[in-house]
Undergrad: 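First the structure, then my questions, so here it is.
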Protein chains: 2
Amino acid sequence: MANMKDVAREAKVSVATVSNYINGKKVRSEAAKNIEVAIKKLNYVRNNAARLLKTDQSPFVVFVVPSVWSPFFSELTFWVQKYLNKLGFKMVLCISENDYEKEKSYVKMAEEQRAAGILSISYSDLTSHVLSDIPLVAIEKETTGQFSLISSDNYAGGQLAAKELINRNLEHLIFVGSTNYESVELNARKAGFEDFCNNHGHKFELEEVKTRYDKKQLLDSVNKIIERIISESKKQNIGIFAHTDETAFLLIKELIKKGIRIPEQVQVIGFDGWNLTPNTKLSLSTIRQPIKEIAETAVKQLNKEIKNPKEAEKARVMLPVSYRAGETTIN
Amino acid sequence: MANMKDVAREAKVSVATVSNYINGKKVRSEAAKNIEVAIKKLNYVRNNAARLLKTDQSPFVVFVVPSVWSPFFSELTFWVQKYLNKLGFKMVLCISENDYEKEKSYVKMAEEQRAAGILSISYSDLTSHVLSDIPLVAIEKETTGQFSLISSDNYAGGQLAAKELINRNLEHLIFVGSTNYESVELNARKAGFEDFCNNHGHKFELEEVKTRYDKKQLLDSVNKIIERIISESKKQNIGIFAHTDETAFLLIKELIKKGIRIPEQVQVIGFDGWNLTPNTKLSLSTIRQPIKEIAETAVKQLNKEIKNPKEAEKARVMLPVSYRAGETTIN
DNA sequence: ATGAAAGCGCTAACAT
DNA sequence: ATGTTAGCGCTTTCAT
């Protein structure tokens, strides 16, 4: 491919003039014209590797996510990309699948590329692999305390779910979810729910669903819930808080299959606020995470740290969640 | 940051030896040891910009998609990333939002970065902006004929939908979707449906839904369908083919709200085969696109063209779709 | 196996 | 405003 020298020769000017022209600095109008012609003629495209080597200013931000194949991460990725773009950054998308080795290799890659920064939502402790002083902003979880963290208020979300169910005069409350040692945010949701119930003198039961992959366990839970409905005969006063929309969604599908009517017999609240596309929502009642705001806050914070590597102070932001009424509760 | 020269000095060897060591070539074991120590001590990380400048071999593949916030694109992005990674490539994710200017700028960026290749699913004609000889593989659509194209067989999918509905002895068939000049694949779905019906002597009606954003139009369609159900009294023999899962999903939601029972009164087949996550499917009956295979085929083809820029011949692949039974048809 | 040195394409400092 | 030139950090050829 043609390089700047070729263009300079063709346009009968020096490389510096070409460089200046390309970077929007003033050049003689005749020179500009000639350079323009030469660029077209030679199909010249600037080599950013060379530019980066010289300037040390990469346009890339590395975004590490466990998955992109889930409405939550899709939406987050969308907004992150949007805000990065607005600031002139390009996104390198790294899907970690919660694999520690992959996360490590992505951080290394980011450092080798001299990426402008890293944005990560990681459940292992990725942050401990950062050797260089590359700016990093974590989403959801960061335990070392050395990097900025943007998350939503999962604990308050759990409380809110409890409150909404209790407001509906449901006597029988059930939490469906897990106690997962690796997931601070899921633990917080559960704790919020439990604490609110306890503080308001409401009994509740727990249905442990260890992982979303365990179909059998989910079916067991469904069956237990059904037993309870039958034994309560027609009281129809069961309220369920599922720790994620995915769990809620799978649960509801099974309940409906078994002939349970929702929300008449059982009311369900999920967590996350899944939107399948910008225009398609599930009809699930849910605690909605402020995904757009998480993305915006994280990107802005990262930008701050990129622009001001020394002085920018680390942030710890917890954003509020909200209840979104759907058709799985009686509102 | 420390560079190779620093490491060489620290390890008392030449830069060439350091370079060899890093790239896995044979070095004296004592030298290796010293270099290893020096790297650790100085926190050395190789600068890939310099490496790329010299070798002209980028690890980046640029992936241009209209959206990532949709189950279809999420899943596609997941698989594309997976296969790229398997071959040692990194993905630069570019969301175009169907914006022509953005697409153009992404292609330019890819060329400036000397990216290894471009993978694109574009509805404008992105391919005409490619100045350099960077390999490009298109997904879904490519009209210039100069690049490889991987798509699924939308026309056969439309036929399949018609066949499935006709097999259920449904007298009243309705196509809900659009004739969109810019979307070859949507047109093909419709044409397949129409042709199959016509060839089998089945009447059908069209309900134009111009865009998924037009809620009002969708409601109109729903109301028309409801009128038809009422006027047909209890025949309960309506079958709908919606041109995307999104349309089908929104439609069903409205129908249920109006008290229509699905699939007893109306049977619906969508198109795409949305999976919300690897474990969460909609209960929609649908024509499923072979998303994983599309990704795999596209990545392999791109790799072929990257490895063999001159000789690799362009591919035109059309992958088969399949019917996936859900709970919106009586099976 | 190792070292010296050229050079990838660009930017920026400096001189004019 | 323009030209000359050093040098960013690496790989690779060539000589040893």
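From a predicted model like this one, the values you see are computed outputs, not experimental measurements. Every chain is numbered from 1, with letters handed out A, B, ... down the list of sequences.
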Undergrad: What does B/Asn48 touch in the nucleic acid at a heavy-atom separation under 4.0 angstrom: a base, only the sugar-phosphate, or nothing?
TA: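 Contact class for B/Asn48: none.
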Undergrad: Measure CG/B/Leu42 against C1'/D/dG9 and give the value in whole Å, please.
TA: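 Distance, rounded to whole Å: 15 Å.
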Undergrad: Give a yes/no on whether any side-chain N or O of B/Arg51 is located under 4.0 angstrom from OP1 or OP2 of D/dG9.
TA: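 B/Arg51 to D/dG9 OP1/OP2: no side-chain N or O under 4.0 Å.
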Undergrad: Check the distance between D/dC8's C1' and A/Lys54's NZ and give it to me in whole angstrom.
TA: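 Interatomic distance, NZ of A/Lys54 to C1' of D/dC8: 5 Å.
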Undergrad: Measure from the side chain of A/Ala50, starting at C-beta and using heavy atoms only, and say which of C/dA4, C/dG9, D/dT12 lies closest.
TA: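 Of the candidates, C/dG9 comes closest.
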Undergrad: Within the structure shown, what part of the strands sits under 4.0 Å from A/Thr55 by heavy-atom distance: base, sugar-phosphate, or nothing?
TA: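 A/Thr55: backbone/sugar contact only, no base atoms under 4.0 Å.
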Undergrad: Between A/Tyr21 and C/dC10, is there a side-chain N or O to OP1/OP2 distance below 4.0 Å?
TA: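 A/Tyr21 to C/dC10 OP1/OP2: no side-chain N or O under 4.0 Å.
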Undergrad: Both B/Ser14 and B/Leu53 contact DNA chain C. Taking the nearest nucleotide for each, which residue is further toward the 5' end?
TA: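 It is B/Ser14 whose nearest nucleotide is closer to the 5' end.
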Undergrad: Categorize A/Asp56 for me: base, sugar-phosphate, or nothing, with a 4.0 angstrom heavy-atom threshold over every strand shown.
TA: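 A/Asp56: no heavy atom of the nucleic acid under 4.0 Å.
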Undergrad: Would you state whether a donor and an acceptor, one from the side chain of A/Lys5 and one from the base of C/dG9, lie under 3.5 Å apart?
TA: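 It does not, because no donor-acceptor pair links the side chain of A/Lys5 to the base of C/dG9 below 3.5 Å.
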Undergrad: Using a cut-off of less than 4.0 Å, is there contact between a side-chain N or O of A/Asn3 and OP1 or OP2 of C/dG9?
TA: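 Indeed, a polar side-chain atom of A/Asn3 lies that close.
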Undergrad: Classify the angle between the aromatic ring planes of B/His129 and B/Tyr100 as parallel (below 30°), tilted (30 to 60°) or perpendicular (above 60°).
TA: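 Perpendicular.
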Undergrad: Distance check: side-chain N/O of B/Asn20 vs OP1/OP2 of C/dT2, anything under 4.0 Å?
TA: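 No, outside the criterion.
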Undergrad: Report yes if a side-chain nitrogen or oxygen of A/Thr17 is closer than 4.0 Å to either non-bridging phosphate oxygen (OP1 or OP2) of D/dG3; otherwise report no.
TA: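 Answer yes for this pair, as a side-chain N or O of A/Thr17 is under 4.0 Å from OP1 or OP2.
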Undergrad: Whether B/Arg46 contacts D/dC10 is assessed here as follows: a side-chain N or O lying under 4.0 Å from the phosphate OP1 or OP2. Is that the case?
TA: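 Negative; the distance criterion is not met.
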